[in-house]
Amino acid sequence: MKKTKASSMALAALNYDLFETKPMPPPVPATLYTKIKNQLWRQSVADIKAWEANLDKLPAIEELCRMFNRYNWLYFDGKLSQVRIEYSTRMRIAGSYTPRKKLIRIGYKYHQIFPEEIADTLKHEMIHIIYFKHNAAFKKEAKRIGASLKARTHPSLMRPSRYMYCCPNCGKKYPRQKILRMASCGDCSKGGKFDARYKLKLLKH
Ligand SMILES: [Zn+2]
Ligand SMILES: [Zn+2]
């Protein structure tokens with residue numbers, strides 16, 4: 001038989017019929033522990049929704065501490081030792097953990113750009129309380145609790161550029177660490193080729 005869309009669909013339906021539906025396993029009896037855990041889950045989902053609705057506002061430190069406690073119970077059975085949490089307005093990365101100071105720093109600038117990532121950053125830094133390096137054990141934990149594997153950064157937050165170039169046509173800014181000799185605006189020059197009409201001008205040194 002020639003495989004058409006209709007025939008493969010019919011075949012799929014037939015195959016599906018061959019499997020007997022398995023009875024669902026009985027639900028795990030709700031203990032106080034699972035009840036608390038479910039409650040925490042719901043709160044965490046509500047947290048994320050609340051931030052998505054208010055992307056320009058970052059949670060206060062007290063709220064970050066509450067999140068820390070919630071995640072500590074939710075993912076680590078409450079075993080992580082207490083740490084301090086601070087925002088850093090100087091840091092250009094998403095977050096950091098300093099074991100010597102027992103301090104989690106949350107990058108303020110980074111999260112002004114990506115406020116929806118703050119829960120992920122906090123979870124990532126919480127794993128650093130157990131594993132300092134991004135080793136295999138760290139990655140396993142990150143996977144388990146759904147945190148990102150790497151400390152994140154954003155190009156615009158990297159060290160300040162030494163040179164600022166600008167397109168004479170569209171005005172697009174090109175911050176660079178090195179001197180550009182033959183460079184034209186990527187947006188205005190067609191076909192990815194240098195175009196003298198759009199040669200970038202040095203604004204600041
Ligand atoms: Zn990290
Ligand atoms: Zn341009």
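Note: hydrogens, waters and symmetry copies are ignored here, and every other heavy atom, side chains too, is used. Indexing begins at 1, ligand by ligand and atom by atom, following the structure's order.
- Classification of the H134-F138 ring pair by plane angle, with boundaries at 30° and 60°, yields perpendicular.
- Residue pairs meeting the salt bridge (charged side-chain N to carboxylate O under 4.0 Å, His left out) criterion with at least one partner in residues 136-149, sequence neighbours excluded, are E141-R144.
- With the Zn ion (ligand 1) as the vertex, NE2 of H134 and NE2 of H124 span 110° to the nearest 10°.
- Partners of R90 by salt bridge (charged side-chain N to carboxylate O under 4.0 Å, His left out), not counting sequence neighbours: none found.
- Excluding water, every protein N/O/S atom under 2.8 Å from the Zn ion (ligand 2) is given here by residue and atom: C167 SG, C170 SG, C185 SG, C188 SG.
- For residues 78-106, the set of pairs meeting the ring pair (Phe, Tyr, Trp, His ring centres under 6.0 Å) definition, not counting sequence neighbours, comprises Y87-Y108.
- Side chains of D195 and S184: a donor-acceptor N/O pair is absent below 3.5 angstrom, by distance only.
- Aromatic ring pairs are classed by plane angle as parallel below 30°, tilted from 30° to 60° and perpendicular above 60°; the pair H124 and H128 is perpendicular.
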